2 protein chains.
Amino acid sequence: MVRQPSVAAQNRPPLTRERIIEAALHIVDGQGLGRLTMRRLGDALQVEAMAIYHHMPRGKEELLDGLVSHVAVFPARPPAGEDWRRALREWATAYRARLTAHSGVLPLVVTRRNPAALSDTAASLREILRRAGLPEGAAADGAHALLGYVIGQTALELRGPSPGEPPTDWDARFTAGLELILTGLSSRARRP
Amino acid sequence: MVRQPSVAAQNRPPLTRERIIEAALHIVDGQGLGRLTMRRLGDALQVEAMAIYHHMPRGKEELLDGLVSHVAVFPARPPAGEDWRRALREWATAYRARLTAHSGVLPLVVTRRNPAALSDTAASLREILRRAGLPEGAAADGAHALLGYVIGQTALELRGPSPGEPPTDWDARFTAGLELILTGLSSRARRP
DNA sequence: ACCTGAACACCGTTCAAGT
DNA sequence: ACCTGAACACCGTTCAAGT
């Protein structure tokens, strides 16, 4: 038999950063963050684990940062008309849904020293508040308050139910807390 | 020479859950969560790593849960007089300081499915809001909004500065966001 | 009852080698 | 340029054995 070791390599799509991150997200979503290992990721991509390092020289650190960027970059769309509160509500609801859908990545979003991944999202919120009439500093503070609330509240929700307490309607609770912040923001806006 | 292998064992304090958790917290505070291993923890306690399992049958899982309880259980003190806002401000400031002092544990606080660790804290906030005149449901929602905000905002802060932006006054930003929520809560209280 | 030490089945990563 | 495979220095945990 003539050895043709490159057949398998030719019949599969080339390894790219994007394919690697997608495969990693699939593992985390399906099996949890703890089961994401370089060896398992290599298996999923039909490649030796070490091949990943060729596309991500910083190794697993770079992989986890990539997951955070992939999930957490989520800018808000500016309001079509004047209703900035509605635009913020829609963003908050959609962002929470995204974080919930990739709950295994949330620990990384909260934890990793990867500020760039959130600064685009924060900037989009700041701009909406600025146009609503808040002074520059108050708009920046408000943007981070919203971001911190959504991330923190979603993390609390995903921690699971407290055994002694009645089951919580987390949708309602999330909305109620969000309205607290929006009320506070309204009192500081030019167009409340 | 007569073998006396128990000399070292007799000259050291007995291993307890509390000593184990304190030693673990010391490692996490000093070297980071990533360097907390059972073997290193054993070294710090002058004991084989396997001895820890005798006090914590669930192993590292139980150890991490213990760290969360040790750091995150932090009930608010009720106001001496009528000023419930001040009581909440003091709690939020102190809780943020505690989380910042043990920043390596924050990922665990946010992440671990260990709801009991936060339910005492949430209950203390709920009680303050209830006495301030909020209806039962609104008090529970408000308590979780405060908790989610403090944890989320502190996590954002500890992620580090965004490279492009001017340096942030996180103290001022934290206070500003907190006041947004307090404003919202005041509009729903009997005694605003 | 409490602790030890060897062993097992994993990790992430380096490095020389292959094509 | 891209991938492989062996090797290294670690992990958490099981288990039989010691005192």
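Residue numbering restarts at 1 for every chain, and letters A, B, ... go by the order of the sequence lines. Values in this document were obtained by computation on a predicted structure and should not be read as measured data.
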message: Using a heavy-atom cut-off of 4.0 Å across all strands, would you classify A:M50 as base, sugar-phosphate, or nothing?
response: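 Base, at least one base atom sits under 4.0 Å.
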
message: Taking any heavy-atom pair under 4.0 Å as a contact, classify A:R35: base, sugar-phosphate, or nothing.
response: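 Counting heavy atoms under 4.0 Å across all strands, no contact is made by A:R35.
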
field: C:dC10 OP1/OP2 closer than 4.0 Å to side-chain N/O of A:R40
entry: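 No.
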
Could you check which of [options] has an atom nearest any side-chain atom of [X]?
X	options	value
A:L15	D:dC3, C:dG12, C:dT4	D:dC3
B:A51	C:dT4, D:dT4, D:dT13	C:dT4
B:H55	C:dC3, C:dG12, D:dC11	C:dC3
A:T37	D:dT4, D:dC2, C:dC11	C:dC11
B:R39	D:dC3, C:dA7, C:dC2	C:dA7
A:M38	C:dG12, D:dA1, C:dA1	C:dG12

message: To the nearest 0.5 Å, what is the distance between CZ on B:R39 and CD1 on B:I52?
response: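 CD1 of B:I52 is found 11.0 Å from CZ of B:R39.
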
- request: Check A:F74, A:Y149, A:F174 against A:Y95 for a ring pair (Phe, Tyr, Trp, His ring centres under 6.0 Å) and give me the one that passes.
  value: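 One option only clears the test, and that one is A:F74.
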
Whole angstrom is fine here: how far is it from [atom1] in [X] over to [atom2] in [N]?
X	N	atom1	atom2	result
B:L64	D:dG12	CG	P	10 Å
B:H54	D:dC15	NE2	P	15 Å
B:E48	D:dT14	CD	C1'	15 Å
B:Y53	D:dC15	OH	C1'	13 Å
A:L33	C:dC11	CG	P	14 Å
B:M56	C:dC3	CE	P	13 Å
B:I52	D:dT14	CD1	P	14 Å
A:L45	D:dC3	CG	P	10 Å

- request: Determine whether A:H144 and A:R126 make a side-chain contact, defined as any pair of heavy atoms from C-beta on separated by less than 4.5 Å.
  value: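 Side chain of A:H144 against side chain of A:R126, heavy atoms only: no contact under 4.5 Å found.
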
Complementary nucleotide of [N], counting Watson-Crick and G-U pairs under 3.5 Å:
N	answer
C:dA9	none
D:dA17	none
C:dC3	none

query: Looking at A:E62 and A:R17, does any basic side-chain N land under 4.0 Å from a carboxylate oxygen?
result: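 The answer is yes: the pair qualifies as a salt bridge.
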
- prompt: Of the options A:T154, A:D171, A:T175, which is the one that meets A:R96 in a side chain to side chain donor-acceptor pair (under 3.5 Å)?
  reply: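 Testing A:R96 for a side chain to side chain donor-acceptor pair (under 3.5 Å) against A:T154, A:D171, A:T175 leaves exactly one candidate, A:D171.
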
